[in-house]
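Read through the structure below, which is laid out as structure tokens, and then see the notes.
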Amino acid sequence: MTLEKKIIDLTVKAVNELYGASLDQASVTLQETRKEFEGQITVVTFPIVRFSKKSPEITGQEIGEYLQTNLEEIVAFNIIKGFLNLTISDEFWITQLNHSICKADFGKFPSNGRKVMVEYSSPNTNKPLHLGHVRNNLLGFSVAEILHASGYEVVKANLVNDRGIHICKSMLAWQLFGNGETPESSGLKGDHLVGKYYVVFDKEYKKQINDLVSQGVTEDEAKKTAPLIRQAQDMLLKWEAGDPDTIELWKKMNGWVYTGFDETYRKMGVDFDKYYYESDTYILGKDTIQEGLDKGVFFKKPDGSVWIDLTSDRLDEKLVLRADGTSVYMTQDLGTAELKHDDFQMDESIYVVGNEQDYHFKVLFLILDKLGKSWAKGLHHLSYGMVDLPSGKMKSREGTVVDADELIDEMVETARQRTEELGKVEGFSAEYKEELYRMIGLGALKYFLLKVEPKKRLLFDPQESIDFQGNTGPFIQYTHARIISVLSKASYSTAPTNEQRVSLTPLERELIVIQSKYPEILKAAAEDYSPALIANYVFELAKLYNKFYHEEPILKAEEDVKQFRLKLSAATAAIIKKGMGLLGIEVPDRM
RNA sequence: GCGCCCAUAGCUCAGCUGGAUAGAGCAACGGUUUUCUAAACCGUCGGUCAGGGGUUCGAAUCCCUUUGGGCGUACCA
């Protein structure tokens with residue numbers, strides 16, 4: 001039983017014995033004691049005052065005395081303005097360090113027997129990945145790691161959007177203007193090559209629209225009748241009909257894209273257990289529609305289209321199948337949800353998708369619930385905000401995007417420059433240097449994107465967004481390297497548990513207190529699907545360690561103090577490494 | 001029009017189920033290296049938590065409302 005739990009139980013008991021009232025556990029509020037006061041854990045007495053019918057000060061005094069006599073861990077207490085601050089014995093904290101924090105499995109929860117799918121990335125195969133996708137990928141990967149560490153079995157899935165009119169646009173443009181260009185002949189990465197033709201399509205298409213408009217056609221009409229869009233639509237029909245030439249072209253160009261994506265994924269350090277392709281799943285969902293009709297959840301309009309009425313849930317009527325029997329987005333998402341569940345029988349399923357689809361997922365989950373799918377309540381949309389540039393929103397077709405590959409390369413390059421300027425690479429091998437620059441550059445980028453709450457929009461200024469000082473990835477990586485350096489100077493390997501330490505300095509105590517919070521932070525991050533909680537926690541830990549490092553000597557301390565501080569340092573490094581690992585960020589031993 | 005989300009220091013962000021004088025980082029200014037990595041540490045400056053009501057012993061946090069921004073409201077995905 002945790003100390004917090006003991007305090008809560010005893011407080012309830014104290015209220016019962018002292019005031020003859022029954023207080024429920026939830027109304028005992030504990031919080032961390034503010035730094036300026038003595039103590040580590042604080043009981044807020046205000047909720048108890050109505051039972052004690054005494055002033056907060058007297059109530060605190062009485063509860064405090066009761067707790068101190070009945071809990072050996074509490075060695076002192078003080079009351080300030082109705083806040084009962086409890087001082088926990090140093091012995092308790094030392095025991096925490098020795099018997100919990102130093103364990104290899106600290107912060108790793110045992111299996112909870114539940115399976116969760118995290119679907120993320122879900123790219124279109126007509127253009128390379130950009131900064132927005134990077135946020136998506138890092139979020140998805142990190143959430144998967146966090147859920148795994150908190151006891152889930154995790155399946156990472158990627159639903160690739162590999163078909164549709166937008167794919168045909170790239171294919172058509174390549175066919176018309178490509179002159180047989182290939183990744184090999186052009187030296188372009190496959191996804192970039194295909195993306196180039198997506199832009200070409202748009203340019204040529206606009207040209208045709210302008211021509212038509214200048215001939216007196218309205219803009220709307222021109223958009224619909226321009227030869228290029230007609231050809232693209234024809235191509236889509238041919239694709240759906242299984243025309244061999246079209247399929248061959250599609251396979252060839254998608255193959256280029258996948259090769260490119262694989263490289264980008266590898267660079268970002270993300271991976272997947274299962275790929276789904278929309279070219280397989282887009283026909284799904286019709287059975288579900290029939291099921292819904294049979295159950296009376298859906299209804300048919302006179303034209304034959306199928307709808308669901310969600311007005312009683314304060315939403316709209318929503319189309320789920322066209323009059324001609326073809327699918328809409330919702331149709332295939334219904335089918336895909338069933339497919340995924342049939343494949344894995346997971347208890348929960350997380351969709352990492354941008355917040356412009358909030359409404360879609362709300363409706364999707366609601367429909368599945370109305371269809372009586374027991375697993376529908378385990379579905380969750382992890383919605384995240386767009387990444388903005390100083391110039392505004394990113395738009396692929398207009399070329400105002402921050403390309404993922406370029407961004408990563410630039411980050412690594414900046415890391416190289418910074419590191420060399422600091423003159424820290426003497427004696428490092430060429431291989432290690434490359435590895436280090438990659439770690440730091442990527443660490444900076446990942447931390448920058450993950451430290452912000454997912455649902456918030458994010459402003460990315462290429463000129464100044466990514467720093468290497470303060471609340472950044474490199475700061476935390478540096479702290480880790482520093483600790484490893486001290487440990488290696490002391491030839492420290494394993495933690496002795498029998499040093500004679502009995503009292504702690506304030507900074508040592510603070511460090512153990514914050515270290516012991518790691519498991520609950522991990523749990524909260526898993527519940528909220530929020531890597532940001534981990535990021536902010538690790539930063540606090542690193543910051544506190546740096547202060548400790550600066551103020552209290554380690555190697556020059558007396559032997560038993562030295563051993564203790566080494567152990568404290570090793571524990572800090574281990575938590576930093578684990579925490580950063582949950583964010584997909586590696587930490588170097590030297591930098 | 002309707003629905004959802006956001007608004008905290010000059011900038012980028014924390015702030016747990018309401019709790020003590022609202023916290024970091026960056027930027028600016030000033031200090032700290034013959035001592036374990038100065039990508040660090042310490043200090044100064046900086047806020048009517050968008051505005052207004054309400055609930056409460058107590059509100060950045062909950063409710064209502066106004067304003068500003070974003071997204072959605074497609075037989076696109």
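Residue numbering restarts at 1 for every chain, and letters A, B, ... go by the order of the sequence lines. Scope of the values below: all heavy atoms of this structure, side chains included, with no hydrogens, waters or symmetry mates.
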What nucleic acid atoms does N126(A) come within less than 4.0 Å of, heavy atoms only: base, sugar-phosphate, or nothing? nothing

For nucleotides 45-47 of chain B, which of its nitrogen or oxygen atoms have a protein nitrogen or oxygen under 3.5 Å away, and what is each distance?
none

State which residue, out of E434(A), K433(A), R438(A), fulfils the side-chain contact (heavy atoms from CB on, under 4.5 Å) condition with R416(A). E434(A)

Checking all strands, does S383(A) fall into the base, sugar-phosphate, or nothing category for heavy-atom contacts under 4.0 angstrom? nothing

Minimum-distance nucleotide to E551(A) side chain [options: G25(B), C75(B), C42(B)]: C42(B)

Over all strands shown, is Q477(A) touching base, sugar-phosphate only, or nothing at heavy-atom distances under 4.0 angstrom? nothing

NZ of K301(A): more than 12 outside heavy atoms within 6.0 angstrom? yes

Quick one: does NZ or CZ of R135(A) land under 6.0 Å from the six-membered ring centre of Y384(A), within 45 degrees of the ring axis? no

Across the strands shown, which category fits D303(A) at heavy-atom distances under 4.0 angstrom: base, sugar-phosphate, nothing? base

Taking for N536(A) and for M330(A) the nucleotide of RNA chain B with the nearest heavy atom, the one nearer the 5' end belongs to N536(A)

Stacking here means centres under 5.5 Å and planes under 30°; does F475(A) stack on A39(B)? no

Could you check whether K455(A) pairs with E453(A) (Lys NZ or Arg NE/NH1/NH2 to Asp/Glu carboxylate O, under 4.0 Å)? no

Heavy atom of residues 416-428 of chain A under 4.0 Å from RNA chain B: which residues? T419(A), L422(A), K424(A)

Residue met sooner reading RNA chain B from 5', once E540(A) and L436(A) are mapped to nucleotides: E540(A)

Using a heavy-atom cut-off of under 4.0 Å over every strand shown, decide if R50(A) touches base, sugar-phosphate, or nothing. nothing

Select one nucleotide: of A39(B), C36(B), G72(B), the one nearest the side-chain heavy atoms of E356(A). G72(B)

Of C75(B), A20(B), G72(B), the nucleotide closest to the side chain of R34(A) is A20(B)

Short N-O contact, K547(A) and E510(A), less than 4.0 angstrom: no

Kindly list each side-chain donor-acceptor pair under 3.5 angstrom involving residues 534-541 of chain A, sequence neighbours excluded, with atom names and distances?
| unit_1 | atom_1 | unit_2 | atom_2 | d |
| --- | --- | --- | --- | --- |
| N536(A) | ND2 | A532(A) | O | 2.9 |
| Y537(A) | OH | I514(A) | O | 2.7 |

Contact class for P47(A) (heavy atom, under 4.0 Å): base, sugar-phosphate, or nothing? base

How is I165(A) classified with respect to the nucleic acid when contacts are heavy atoms under 4.0 Å: base, sugar-phosphate, or nothing? nothing

With a 3.5 angstrom cut-off on both distances, give the Watson-Crick or G-U wobble partner of G3(B), or none if there isn't one. C71(B)

Categorize F539(A) for me: base, sugar-phosphate, or nothing, with a 4.0 angstrom heavy-atom threshold over every strand shown. sugar-phosphate

So which nucleotide from A24(B), C36(B), A14(B) ends up closest to the side chain of V452(A)? A14(B)

Backbone N/O of M330(A) and side chain of H360(A): donor-acceptor pair under 3.5 Å: no

Whole-Å gap separating P (G23(B)) and NZ (K543(A)): 12 Å

Can you identify which nucleotide, out of G25(B), G23(B), C41(B), has its nearest atom closest to the H550(A) side chain? C41(B)

Face-to-face stacking of F83(A) with G19(B), centres under 5.5 angstrom, angle under 30°: no

Rounded interatomic separation in angstrom, taking CG from N471(A) and P from A27(B): 13 Å

Q332(A) has an atom CD; how far is it from atom P of A77(B), in whole Å? 7 Å

Looking across every strand, which nucleic acid part, if any, lies under 4.0 Å from D589(A) by heavy atom: base, sugar-phosphate, or nothing? base

Between C42(B) and N546(A), counting only base atoms on the nucleotide and side-chain atoms on the residue, is there a donor-acceptor pair under 3.5 Å? no

